[in-house]
Amino acid sequence: EPETNGPGFVTPLQGCPNTILTPHVGGSTQEAQAKIGEEVATSIIKGMKCIYFDTVPKLTYGSATPMESMEALLRESDFVSMHVPSMKSTENLIDEEQIAMMKKGAYLLNASRGKVVNLEATAAALRSGKLGGAAIDVFPV
């Protein structure tokens with residue numbers, strides 16, 4: 001992937017159905033990612049049942065309910081929104097195996113770092129109809 005946006009930007013997700021691509025390349029801190037996830041849980045999804053999984057035990061976000069595992073979260077969610085830092089342990093956190101756990105027609109939002117979601121697996125799931133849609137805000141560099 002290119003290091004900046006521009007006409008040379010390419011991704012396996014181009015041309016996939018129900019996909020929003022807002023490519024940008026930039027830095028973010030772990031604290032910023034946590035705050036974005038907290039904001040999603042407390043403000044953006046009002047009226048929706050919100051569940052979450054975090055590897056670090058924290059106080060509950062608003063009316064959100066913690067799940068015992070990421071697998072449990074993936075199996076129950078209609079919308080999965082990713083808000084994690086870029087670390088070796090988060091690389092390809094969502095790939096074919098995790099997408100297979102998701103509900104048919106679920107939506108995937110990656111607002112964390114580009115390498116967190118495997119774009120080839122996401123594109124295949126969109127084309128097959130396994131995923132109902134995706135919004136990808138960041139791409140690997």
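Across every non-hydrogen atom of Gln98 and Asn92, the tightest pair is OE1-O, 4.4 Å. What you find for Ser77 and Ala106 is that their closest heavy atoms are O-CB, 3.9 Å. Here the shortest heavy-atom pairing between Met70 and Ile94 reads CE-CD1, 3.9 Å.
Checked by atom type and distance alone, the side chain of Lys103 never pairs as donor or acceptor with a backbone atom of Arg75 at under 3.5 Å. Counting only distance, with no hydrogens or angles, the side chain of Ser69 and the backbone of Ala72 share a donor-acceptor pair below 3.5 Å. Distance alone, capped at 3.5 Å, places no donor-acceptor pair between the Glu91 side chain and the Lys88 backbone.
Exactly one of Asn118, Val116, Thr122 qualifies for a side-chain contact (heavy atoms from CB on, under 4.5 Å) with Asp95. That residue is Asn118. With Val117 as the fixed residue, the side-chain contact (heavy atoms from CB on, under 4.5 Å) test singles out one of Asn110, Ile99, Leu93: Asn110. If you run side-chain contact (heavy atoms from CB on, under 4.5 Å) between Met82 and each of Leu109, Thr90, Leu108, only Leu108 comes through.
Here the OG1-CZ distance, from Thr65 to Phe53, works out to 15.0 Å after rounding to the nearest 0.5 Å.
With a 4.5 Å cut-off on side-chain heavy atoms, Ile51 and Pro66 do not count as touching. Counting heavy atoms from C-beta outward, Leu131 and Met102 have side chains that approach closer than 4.5 Å.
Counting non-hydrogen atoms of neighbouring residues, nucleotides and ligands closer than 6.0 angstrom, the CD atom of Glu96 exceeds 12 such neighbours.
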